[in-house]
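Keep in mind it's a predicted model, so treat the numbers as computed, not measured.
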Amino acid sequence: MSSNTPSSAPGESGKTAASTEAAASTGPKRRTGLARVPFWAQILLGLVLGVLLGWAARSGDIAWLSTALDRVGGTFVQLLKLAVGPLVFFAITVSITNLRNVSGAARLAGRTLLWFMATSLVAVGIGLTIGLLTNPGEGTGLSPKDGARPEQAGSWLDFLTGIVPTDVVTPFTELNVLQIVFMAAVAGIAALRIGEKAAPLLSFAESALTLLQKALWWVIRLAPLGTLGLIGRAIDQYGWDLIGQYATFTADVYIGSLLVMFGVYPLLLSLAARVSPLQFFRGAWPAIQLGFVSRSSVGTMPVTQKAIERLGVPREYASFAAPFGATTKMDGCAAVYPALAAIFVAEIFGISLGVADYVLIAFVSVIGSAATAGLTGATVMTTLTLSTLGLPLEGVGLLLAIDPVLDMIRTATNVAGQAAVPVVVAARERILDLDAFRGARSFDIDSLDDTGALDDTGGAGTAPAGGTGDRRSGEPAPATV
């Protein structure tokens, strides 16, 4: 039977249909409704609406609106915390076992820790300098009677003895992340020593981690609503007068954090890694943005890892560096902020600090940063710093009111450092894929599927572990501009 259409070669139509179907399945998904709005725009909209609704609830004394804002923000934070315990455990366990695929794994881990500590030392120095220049506790109108002793306080004894849990359940029910990290590290190292016999357990851990990441992606997509609730509740509860009382302290925390984020890290990337800071921020911005609104380094961890991989860091190393940084790398919460908080509280209570006290602040910031554990807020780290200096813990009560506003920029700084250091380490170890780094671009969180994989074909840094990436000459590659 004849046809007016040209016939295809045998099998050609099948190939064409298959290729068309593959292209349709792998191409970018069409967005509808609110999904067409970029995620950053959704976040900004939530921020603006939160301020407006918080102001309306406070000025109009609208009880139901206050309750709604509190429930929305609180539920978002609670959902993040719900995944924290098991996510940290399985992420640390799997990341340690993945290091077996990386040549020089012990060296990579050690150098990552050293860079974490070095940048924390610089960050605390910036916090101390700003505090000494601005005297944030003067002229606030606050007095010691305005403070309140926190229900829970950190101490070096608790920090050192509290690493080892008394049982395997309590760390998860009480969300003691430091103890969870300890158990995960022991489990990962033991699995490495056992070898093939641990394969079923590792397979389960990887499956559980994938499941948790999928659930967490659902929570992450609620960030615009969470932002609306958290900001609205803060405005409703404290109002604008509070900002006035804490104006200098608030400005100090933001300026110090921004100096670290846009001063220290770019210098580190330019001088130590010899790569473009602008290109780094282009690739890492989705994680930094999410850290700002979620106020949780652990909650942001999947996005941070994806950003690190897309910047050319080998996946095997990135899967270790991201959870390790999310639980220990806290330049905002554990360096800039405690330094300023100590000076602020000392001035309110009329206590003079000397050089030895400033050295102690630096020591606490560098060694005790794991106490913050990647959760919202930095109360434990603040109490640890104040108790080490012998300052009244009632000073913590002075800081809790303004904490939500400060925690946003602190967490964004944390996440930026958690992404920058692995790039630096990978570059210096010559395993950074420079082609992937140069081609990395900002991605919208809505372009990720439920497991954190990209729906499009954007390049991700997946240079072979221990490979040379784009560095084959033995010389450091020049910075990209």
Side-chain angles (χ1 to χ4, degrees), residues 116-144 146-147 154 156 242-268 330-369 371-372 378-403 405-414 416-417:
F116 280 175
M117 297 173 67
T119 50
S120 294
L121 186 60
V122 175
V124 73
I126 289 175
L128 288 172
T129 301
I130 293 175
L132 293 173
L133 290 175
T134 60
N135 300 314
E138 293 183 359
T140 62
L142 298 171
S143 63
D146 296 314
W156 282 109
L242 184 73
I243 303 295
Q245 286 182 308
Y246 291 86
T248 302
F249 183 71
T250 301
D252 285 353
V253 173
Y254 269 77
I255 291 171
S257 297
L258 291 172
L259 283 175
V260 173
M261 194 187 314
F262 297 114
V264 175
Y265 298 151
L267 281 176
L268 185 67
M330 305 287 165
D331 286 348
C333 291
V336 174
Y337 179 74
L340 288 166
I343 294 174
F344 176 82
V345 171
E347 291 177 347
I348 296 294
F349 283 82
I351 300 173
S352 298
L353 298 177
V355 176
D357 296 312
Y358 301 135
V359 173
L360 274 178
I361 292 174
F363 174 79
V364 173
S365 298
V366 173
I367 303 299
S369 61
T372 57
T379 302
V380 174
M381 187 64 193
T382 305
T383 57
L384 183 63
T385 304
L386 296 183
S387 62
T388 301
L389 296 174
L391 294 173
L393 293 183
E394 286 76 6
V396 176
L398 296 169
L399 301 169
L400 290 179
I402 199 69
D403 191 72
V405 177
L406 304 179
D407 200 25
M408 294 187 293
I409 191 62
R410 293 190 316 232
T411 307
T413 304
N414 296 342

Colleague: Do you know the tightest heavy-atom contact between Pro392 and Ile351?
Modeller: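 That would be CD-CD1, 3.7 Å.
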Colleague: Please tell me if the side chains of Thr385 and Tyr337 come closer than 4.5 Å, counting only heavy atoms from C-beta onward.
Modeller: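 Not touching, per the 4.5 Å side-chain cut-off.
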Colleague: Where is the tightest heavy-atom contact between Asp357 and Leu389, given as atom of each residue plus distance?
Modeller: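 Closest pair (atom of Asp357, atom of Leu389, distance): O-CD2, 3.3 Å.
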Colleague: Side chains of Phe116 and Asp331: does their closest heavy-atom pair fall under 4.5 Å?
Modeller: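 A side-chain contact is absent here, since even the closest heavy-atom pair is not under 4.5 Å.
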Colleague: So among Asn135, Ile130, Thr129, which one has a side-chain contact (heavy atoms from CB on, under 4.5 Å) with Leu133?
Modeller: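 Only match with Leu133 under side-chain contact (heavy atoms from CB on, under 4.5 Å): Thr129.
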Colleague: Could you pull out the closest heavy-atom pair between Ser257 and Thr413, with the gap in Å?
Modeller: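 What the structure gives for the nearest pair is CB-OG1, 3.2 Å.
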Colleague: Distance-only, no hydrogens or angles: does the Thr411 side chain make a donor-acceptor pair with backbone N or O of Met408 under 3.5 Å?
Modeller: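 Pair absent, no side-chain N/O of Thr411 close to backbone of Met408.
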Colleague: Looking only at heavy atoms, what is the nearest atom pair of Gly137 and Ile348, with distance?
Modeller: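 Looking at all heavy atoms of both residues, the closest pair is O-CD1, 3.3 Å.
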Colleague: Would you confirm whether Asn414, through its side chain, and Cys333, through its main-chain N or O, come within 3.5 Å as a donor-acceptor pair?
Modeller: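 Confirmed, Asn414 side chain pairs with Cys333 backbone.
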Colleague: Might you point out which heavy atoms bring Gly131 and Pro136 nearest each other, and give the distance in Å?
Modeller: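 Heavy atoms of Gly131 and Pro136 come nearest at O-CD, 3.4 Å.
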Colleague: So which atom in Ala342 and which in Leu353 form the shortest heavy-atom distance, rounded to 0.1 Å?
Modeller: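 Looking at all heavy atoms of both residues, the closest pair is O-CD1, 4.1 Å.
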Colleague: Applying salt bridge (Lys or Arg N to Asp or Glu O under 4.0 Å), which residue pairs with at least one partner in residues 252-262 are found, sequence neighbours left out?
Modeller: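 For residues 252-262: none.
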